[in-house]
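First the structure, in the form of structure tokens, and then the observations on it.
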Amino acid sequence: MHHNYDLILKGGRVIDPAARLDGIRDLAIKAGRIVAIETHLDPSLATEVIDVRQQLVIPGMIDPHAHIFRFITGVLGMDADWVGVQSGVTTLVEQGGVSAATLPGFVEYVVKAKANRVHAFLAPYAAGGVGGFSYPDQFTPGTIDIEATLKAFEAHPKVAKGMKFWAEQASLLKFGDASIRKVRTIVDEVQVPMYVHMGELWRLPAEVHAQFPAERVMETILPFMRPGDVFAHAYTDRLGGFFNADGSVRSLVRQAIASGIHIDLGYGAATNFNLVRQGLEQDFLPQTLGADIHAYNTAIKDPHIDTGGRGRFNGHPGVAAGMNLLMAFGVPLEQVIPMATCNPARIFLREQDGVGTLAIGAAADITVLDDLRGRWRLTDTANDEVITERLVHPSFCIKNGQYHAANSTLLSLPEEVE
Ligand SMILES: [Zn+2]
């Protein structure tokens, strides 16, 4: 018998913020494309039907802050499909592990080899994240090769989508704005965004803090940022973040947001619940949910990588975890779905085929989430906690029409409470 469709996802709550769609629908896929979204599609027209009643059907989730150059970037490099399709995430943006020098290797051994859709924001420094960002001496302007980086963007425009930068006291003290100046030159030339890590990266000696206080980092960096660039780690409790000591959002951050600079969650060990609370009271919210999963940001370790026992995060990493975090503090589901879908597509990838939307004709990248009710305890590294009564949890995803079960061991549920 002839089938019109390869697959129908039947009866789910289909939410596509880009199309302002939110309702119970059947969604049909053929030849890797979304071909119909209707209130009723005849199941006999499909080769396969998956019952998704009581589940959420959203555009394939996008993680704009991934570390997936496995075996190259030390304890930070995770298997792309592990943090990706096996965790319900169809698109990953590697942040800063890949440099112009290592991009060809990344394309060959990650982009082409893995099921996920994979992009990268390049490290400016020649070594990229080799060895896991453990060597501050690699972060020197002398290793930023503008010509080589421009060539890398030209050679791999579909993979290289922006530049990573670490706003970091020690190098600012030593070299002033020499590094960020070079990065600005590159991103202006290629017309791509810059993603800037905020918060102390390494424990620095007291004399560095005395000579270059953490508060000065943003003052120094901001003149080099433009609308469309992104600050990472919204609620970091490391020095040099987004808050004043009294918990108010820094006025420079307000100015940055007003000028069109975006904020990414960059959820991890440094994410502080008290800052989440205070930030939300002041309407300080991320637009995207970078998961930043690496050995320090998950208790689940890659058995093939020796982490030396490091890692202190007791949270539950992932893009869905970012949604759960914000929902636990009162942000509605309808507001967090765009942060995982159309927002990162627009901000990091400049909208492209099939990413961040369920548009008819687009490549079929779809995430299906369980929408759970109960009582769970979320905790941060400071052992602060919040009880939440709703969790979204990846069930499966479709990437380019291909089914992937969300069976990653990273996807544990938080502790259930009475
Ligand atoms: Zn990171």
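The analysis underlying the following values was restricted to heavy atoms, covering all of them including side chains, and did not include hydrogens, waters or symmetry mates. Every number for a ligand or one of its atoms is a count from 1 in the order of the listing.
No side-chain heavy atom of Val217 sits under 4.5 Å from any side-chain heavy atom of Glu219.
Rounded to the nearest 0.5 Å, atoms CG (Asp63) and CD1 (Ile68) are 8.5 Å apart.
For Asp51, the salt bridge (Lys or Arg N to Asp or Glu O under 4.0 Å) criterion is met by Arg53, not counting sequence neighbours.
Gln95 and His197 share no donor-acceptor pair across their side chains, judged by distance under 3.5 Å alone.
A donor-acceptor pair is defined here as one N or O able to donate and one able to accept, closer than 3.5 Å; no such pair exists between the side chain of Arg25 and the backbone of Asp22.
Of the candidates Arg117, Lys399, Arg33, Asp365 forms a salt bridge (Lys or Arg N to Asp or Glu O under 4.0 Å) with just one, namely Arg117.
Protein atoms of type N, O or S found under 2.8 Å from the Zn ion (ligand 1) total 3.
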